[in-house]
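One structure is given below, encoded as structure tokens.
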Protein chains: 2
Amino acid sequence: MASIKDVAAEAGLSVATVSRVLNGHPSVSADARTRVLAAVEALGYRPNAVARSLRTDTTRTLGLVISDVLNPYFTELARSVEEEARALGYSVIIGNADERPDLQDHHVTTLLDRRIDGLLVSPTDGGSPRMLEAARAGTPMVFVDRWIPGVDVPVVRSDGREAVRDLVAHLYGLGHRRLAIIAGPAATTTGRERVDAFREALAAYGLDLPGAYIGQGDFQAGSGRRVTEGFLDLPEPPEVVFAADNLMALGALDAVRARGLRVPEDIALAAFDDVRWFVHTDPPVTAIAQPTGELGRAAVRALVDRIEGRPGESVTLPARLVVRRSCGERGPTRPPSPSPTRSPSPAQSPSPVRRSTS
Amino acid sequence: MASIKDVAAEAGLSVATVSRVLNGHPSVSADARTRVLAAVEALGYRPNAVARSLRTDTTRTLGLVISDVLNPYFTELARSVEEEARALGYSVIIGNADERPDLQDHHVTTLLDRRIDGLLVSPTDGGSPRMLEAARAGTPMVFVDRWIPGVDVPVVRSDGREAVRDLVAHLYGLGHRRLAIIAGPAATTTGRERVDAFREALAAYGLDLPGAYIGQGDFQAGSGRRVTEGFLDLPEPPEVVFAADNLMALGALDAVRARGLRVPEDIALAAFDDVRWFVHTDPPVTAIAQPTGELGRAAVRALVDRIEGRPGESVTLPARLVVRRSCGERGPTRPPSPSPTRSPSPAQSPSPVRRSTS
DNA sequence: ATCCTCCGTGTAATCGATTCCACGAGGAGG
DNA sequence: CCTCCTCGTGGAATCGATTACACGGAGGAT
């Protein structure tokens, strides 16, 4: 492959001049510029990004470590991240952790070895050593979706608290009283938060969330299926299962179908994360939708801000409830205003974008 | 960040010796080895992959350009590619073309600029200049899923011909005679092949595939919806719609639902590409399943073979029909043996792995 | 006419690794 | 005791770019 030296020789100039032309440096004569450009054209020259990175100590590359590529939520996130990054002149290298801390660590390590300019992470666990080290060492970093408490890194995420309240109001309105949840791993923030939000919302209606109604999942379909089977085996099974992500909801559907039961007649189902397929499942699944695209874009902007020396703020965007038929009759409508036993919570429409600086 | 020089200083040795220890070169004394290792540990040193790549002219990185990350088929492919690559000591950088030739070109260019060791492509069109140039210039390359005729590059793909025959037999057996297809872009091999296979299979049953029953899609949900609406507006709408990929099938479901019609009572549906969600759609969708994981792994092996100077062979694996309920009654069973008007085609069970060298 | 500036260009150092070659010490063989 | 290997090590070139610095010539000011 042609190098800058070849171009210099072809143009009858020095490599310095060639470099200057290529980088739009002002002090180059028009003549030199045209000769260089002609040589570049003639040789089909393309600058070696590896050499350039070594010299400038910047790669114009962002690393993105996501928890699971097979999860449509992350896939959509990855797409918007790449899109925004491209618009800002950066490339993205994706590492898929498959919800495994060891794989996450592997990818963080290789990304750091490649000297990426910044790291976007949705941590699978409470913080792998390599990642914490990178954060402390000053590698520009932003958490997206999930985060690690106590680490001084901006967080871009969505807050599902309101939407979960709306969901519980909806379920309560349909007459459901025994509500269960398939939780995500306790090591993740989203794993804990969604349970907390659910419990809080239930409490507002005077409902309890007993231990037997909290199933431990791992954000994968298999665990959703196992947990749901456990629920169905209970002496008093729940009337509703709320899956903390879309894949566990899929697993729940598997379990219900395997028993020959029906949703929502025999058991109702709702999910955190909305995906296109939920429109066409049997029945269409009521879900909490995150503004995924906006999340990805905001995360990139925050990270690039950090990289380029600007502050880089945390962002929290609201999620919203999308009612379908999987929780019982009363088709697709707006969530009902709560008529709770003792709750204060006013029926609040999805609030506008809220930002909070970290 | 600590460099090899810092390690050398810390260990009281030269950079040459440090490098030798790090690369497992034999002629290093045990004493030097332990001192280097201690220094590495003390400084938290990690070799700079950029510098190493510049010197060795190898990045141990594969580029993967896929047509659409939001398509679960490609997402699964990407996952298996990364997995196999990792097992062989390579990293993967994914570029998402979103079915757009210009984006595909962008990614091919940046990947080449980064001096990846090899390129895995599922071309969105008939061959962008940059890609053809790379192929001619001798960049190790392998086509996966789709390919470009006339370019001397191994192809790893699956052959759906048999499965399409099985599908048509199934449909014919259920009494359907007016069958339509939502095709992919004619610029892609999979776009053309699936239509051809379908037409051929229909011919074996004495059925015709009129122009009005061939809708032009682009492998995205939106086009599936539009084409299906067109079919439904026909004076004599088809009894069956066969979508050439899973996203267009999703779009078809959208269209059918928007009209208040039902599958399969009003119109039957089948799809190329099987995805997990098809089990739970309303109704479960009959689909042709590709051995996606095996495809990805085979592609990586072929590419790494090329990179490391071995031949690198083409691979073709059979797809198979998965019958569900979207084409009419007679639940999930094996595809029936054809009782065609004049077809020779024997009821062939999915054949074992077939390989053909390019 | 002389001096100073500024402009365009080239030389060479540099980034962090790998690796060829040279060199000194020590052991074996004559 | 001398010679010749072998082994471990270090010096320095190298990969392909960027960029500080030096330099020569043209043009303007005096």
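Being a predicted model, the structure only gives us computed values, none of them experimental.
- Looking at B:R100 and B:H106, their side chains never come closer than 4.5 Å, going by heavy atoms from C-beta outward.
- Among the protein residues, A:S27 comes within range of the nucleic acid bases, having at least one heavy atom under 4.0 Å from a base atom.
- As rounded to whole Å, 12 Å separates atom C1' of C:dT14 from atom CG of A:D57.
- Looking at the side chain of B:V28, the nearest of the listed nucleotides C:dA12, C:dT9, D:dT9 is D:dT9.
- Here A:N23 lies in heavy-atom contact (under 4.0 Å) with sugar-phosphate atoms only.
- Between A:R52 and the phosphate of D:dT18, there is a side-chain N or O to OP1/OP2 separation shorter than 4.0 Å.
- Residue B:A32 is classed as a sugar-phosphate contact, given heavy-atom separations below 4.0 Å to backbone atoms only.
- Protein atom CG of B:D6 is 8 Å distant from nucleotide atom P of C:dG16, rounded to whole Å.
- Between B:R20 and B:R46, the residue anchored closer to the 5' end of DNA chain C is B:R46, taking for each the nucleotide with the nearest heavy atom.
- Note on B:T17: a side-chain N or O is less than 4.0 Å away from OP1 or OP2 of D:dG10.
- Where B:R115 and B:S29 meet DNA chain D, the nucleotide closest to each residue was compared, and B:S29 sits on the side nearer the 5' end.
- At a threshold of 4.5 Å between non-hydrogen side-chain atoms, the residues A:D218 and A:E99 do not count as touching.
- Comparing B:A51 and B:V15 by the nucleotide of DNA chain D that holds the closest heavy atom to each, the one mapping nearer the 5' end is B:V15.
- At a cut-off of 3.5 Å, with distance as the only test, a side-chain donor of A:R114 or B:T61 sits close to an acceptor on the other residue.
- Straight-line distance from the NZ atom of A:K5 to the P atom of D:dT18: 14 Å, rounded to whole Å.
- The interatomic distance linking B:D31 (CG) with D:dT9 (C1') rounds to 12 Å, in whole Å.
- When the nucleotides D:dT19, D:dA13, C:dC21 are ranked by their closest atom to the side chain of A:R55, D:dT19 comes out on top.
- Residue A:S19 is classed as a base contact, given a heavy-atom separation below 4.0 Å to a base.
- Rounding to whole angstrom units, CZ of residue B:R35 and C1' of D:dT9 are separated by 11 Å.
- When only modelled atom types and interatomic distance are considered, A:E82 and B:N96 share no side-chain donor-acceptor pair under 3.5 Å.
- Phosphate contact (OP1/OP2 of D:dC15, side-chain N/O of B:S53, threshold under 4.0 Å): absent.
- Out of D:dT19, C:dC15, D:dG16, the shortest distance to the side chain of A:I4 is found at D:dG16.
- Two residues are said to be in side-chain contact when any heavy atoms from C-beta on lie closer than 4.5 Å; A:N48 and A:S3 fail this criterion.
- Out of D:dG16, C:dT18, D:dT18, the shortest distance to the side chain of A:L54 is found at D:dG16.
- Across all strands shown, B:L13 has heavy atoms under 4.0 Å from sugar-phosphate atoms exclusively, and none from any base.
- At whole-Å resolution of the value, CZ in B:R114 and C1' in D:dA17 are 16 Å apart.
- Closest-nucleotide positions on DNA chain C for A:P26 and A:A16 were compared, and the one nearer the 5' end corresponds to A:P26.
- Between A:N48 and the phosphate of D:dC15, there is no side-chain N or O to OP1/OP2 separation shorter than 4.0 Å.
- Between the NE2 atom of B:H25 and the P atom of C:dA17 there is a distance of 18 Å, rounded to whole Å.
- As rounded to whole Å, 13 Å separates atom C1' of D:dC7 from atom CZ of B:R33.
- A heavy-atom distance below 4.5 Å is not found between the side chains of A:F219 and A:S67.
- Residue contacts for A:S3: at a heavy-atom cut-off of 4.0 Å it reaches the sugar-phosphate backbone alone, with no base atom in range.
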